[in-house]
Amino acid sequence: MDRLSALRLFVRTVETGSFSRAGRDAGLSQSATSRAIAALEADLGARLLLRTTRRLSVTEPGQRVYEQALRMLEEDAALMEAAAGADREPVGRLRVSTSVAFATDEVAPHVSGFLNAFPKMRLDLAATDARIDAVAEGVDLLLRLGPLTDSGMTGRRLGAYERWLVASPEVAQTLDAGAPLEDQLRDRCILYSGSTLGVRWRLDGPADPVVFEASGPVTAGAGAVVRGLALSGAGVALLPSFAVRADLAGGRLVRVAPEWCGPSIDLSALWTHRELPRKGRVFLDYLLPLLTLDDR
C-alpha cells in the first residue's frame, strides 16, 4: 500500500475509532487494516495509535500526523479535481445524510433523474432522524432542517419551508372555527419531540402572533410518524410544507386555519471539508431547483 493510501486509511481509523469500520470503508478486513497502520507506523518511525482491547486512542505524534494527513488528502482531492476539469463527468460514491421525511418527500423522487443524468455516480442516501457524527459516518453532504449547531462544519443556507397546521378532514370538521385558535387546538395537538419548537407553538397570521403551550394525547419522535398520526385522525399536526403537500393535494389532509403558519424551518447544506467536493456540488445543483422551498 502506498503512503497516501495508508494515510487515508489512518485518517478513517481515527475518525471512526475502529479498525473494522475504517477497513470496511476501504474494502479491507480488520486484520489487513491493522497491518497497514502498523506498516505506516514503521515507515514513519512513530507510534500513531494506542491499542487496547476496548478502544483506540491517538498519540501525540499520531494527532500531528492526522492533522497533516487531512491537509494532504484535501490537497490531493483538489489536485485530482483540477486535473479532471470542470467538464468531466463526476464519478464515484456520494453519501448524503438527511431526515427520513425529507429524504422520502424531497430527495427520493429525484434520485432516478439524477442518476440518469450522471450514470457514473453512486448515491448512498443515509436517512435518519438522529443527529450523527458526519465524519465518523463518512458522510459527504448533510441536508439539515432547523438551526445550525455544527460549528466544525462548513455550510450554507438553501432556503426555508413554511410550517402548516394540518389534520384529517374528519378531525378538521370537529374544530370550532369560531373559537380563538389556541382554544381550537387545545388538547388536540400531535406533539413532535424532535421539533425545535418543543411544546411551545407560535403561529403567525393576520393578527398578533398566537403563542401557547401545545397539548394533546400523543407525542412522536419522528416527523414521518407525526404525519402518519395526522392521517389516522389522531389530532392536529404542525409540519413543514414539503411533508404534507401531496396529502393536501390528495385530500387526505386539510389545512387548519390556513391563514396561520408556524415559524419557517431553514434547510442548510453542510459538509466536513473546507470545500464541498465537486460530486457534492453537482448533486446540490441538480436537486436545489427541484425542491419545493417556500423561500429561496
Side-chain angles (χ1 to χ4, degrees), residues 4-5 7-18 20-28 33 66-67 69-86 88-104 106-146 148-159 266-291:
L4 189 62
S5 297
L7 286 170
R8 183 175 287 107
L9 188 60
F10 169 66
V11 166
R12 285 301 294 152
T13 302
V14 173
E15 290 173 343
T16 62
S18 165
S20 60
R21 289 182 64 185
R24 185 166 62 247
D25 290 348
L28 299 173
T33 302
Y66 170 74
E67 292 170 1
L70 280 177
R71 290 191 288 271
M72 290 176 63
L73 293 173
E74 287 189 359
E75 289 170 0
D76 179 66
L79 178 64
M80 295 298 292
E81 187 170 313
R88 183 172 174 178
E89 183 178 351
V91 176
R93 169 182 171 272
L94 179 70
R95 184 168 171 81
V96 180
S97 178
T98 191
S99 70
V100 174
F102 191 81
T104 301
E106 288 282 77
V107 181
H110 308 301
V111 166
S112 178
F114 173 75
L115 295 177
N116 286 336
F118 302 99
K120 294 183 180 180
M121 288 284 294
R122 294 293 178 266
L123 191 63
D124 181 355
L125 189 55
T128 177
D129 289 323
R131 290 294 171 120
I132 64 167
D133 183 335
V135 174
E137 296 294 331
V139 170
D140 300 298
L141 175 67
L142 286 91
L143 297 176
R144 175 68 53 78
L145 290 163
L148 298 182
T149 58
D150 304 87
S151 58
M153 300 183 70
T154 308
R156 67 183 177 97
R157 180 182 179 274
L158 302 178
D266 282 346
L267 173 69
S268 300
L270 300 171
W271 51 92
T272 55
H273 301 287
R274 284 178 294 182
E275 293 187 7
L276 181 63
R278 180 168 177 261
K279 58 186 178 181
R281 296 199 303 271
V282 168
F283 178 73
L284 272 186
D285 288 345
Y286 181 89
L287 181 66
L288 190 54
L290 302 174
L291 298 178

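Hydrogens, waters and symmetry mates play no part in the numbers below; they use all other heavy atoms, side chains included.
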At their closest point, which heavy atom of [X] faces which heavy atom of [Y], and how far apart are they?
X	Y	answer
Tyr286	Ala117	CE1-CB, 4.4 Å
Ser99	Asp129	CB-OD1, 3.3 Å
Thr33	Gly23	OG1-CA, 3.1 Å
Asp285	Pro289	O-CD, 3.2 Å
Phe114	Phe283	CE1-CA, 3.6 Å
Ala103	Ala127	CB-CB, 3.8 Å

Looking at Leu143, is its backbone amide N or carbonyl O close enough to the side chain of Thr98 to form a donor-acceptor pair, meaning the two atoms are under 3.5 Å apart? yes
Find the distance between [atom1] ([X]) and [atom2] ([Y]) and round it off to the nearest 0.5 Å.
X	Y	atom1	atom2	value
Glu106	Leu267	CD	CG	8.5 Å
Asp266	Arg144	CG	CZ	12.5 Å
Leu7	Leu73	CG	CG	6.5 Å
Arg12	Arg8	CZ	CZ	11.5 Å

For Phe102, enumerate each residue passing the ring pair (Phe, Tyr, Trp, His ring centres under 6.0 Å) test, keeping only those at least two apart in sequence or located in another chain. Phe242
Any side-chain heavy atom of [X] sitting closer than 4.5 Å to one from [Y]?
X	Y	answer
Val139	Thr272	no
Leu284	Arg156	yes
Val107	Val96	no
Ser97	Thr128	yes

Side-chain donor/acceptor pairs under 3.5 Å, residues 118-126, sequence neighbours excluded:
unit_1: Arg122; atom_1: NH1; unit_2: Pro119; atom_2: O; d: 3.0
unit_1: Asp124; atom_1: OD1; unit_2: Arg95; atom_2: NH1; d: 3.3
unit_1: Asp124; atom_1: OD2; unit_2: Arg93; atom_2: NH2; d: 3.3
unit_1: Asp124; atom_1: OD2; unit_2: Arg95; atom_2: NH1; d: 2.5

Evaluate side chain to side chain contact (heavy atoms under 4.5 Å, CB included) for Leu70 paired with Glu15, printing each intermediate quantity in order. CA-CA 11 Å; Leu70 280 177; Glu15 290 173 343; 4.0 Å; yes
Would you kindly say whether Ser18 and Thr16 are connected by a side-chain donor-acceptor distance under 3.5 Å? no
Partners meeting salt bridge (charged side-chain N to carboxylate O under 4.0 Å, His left out) with Asp140 (sequence neighbours left out): none
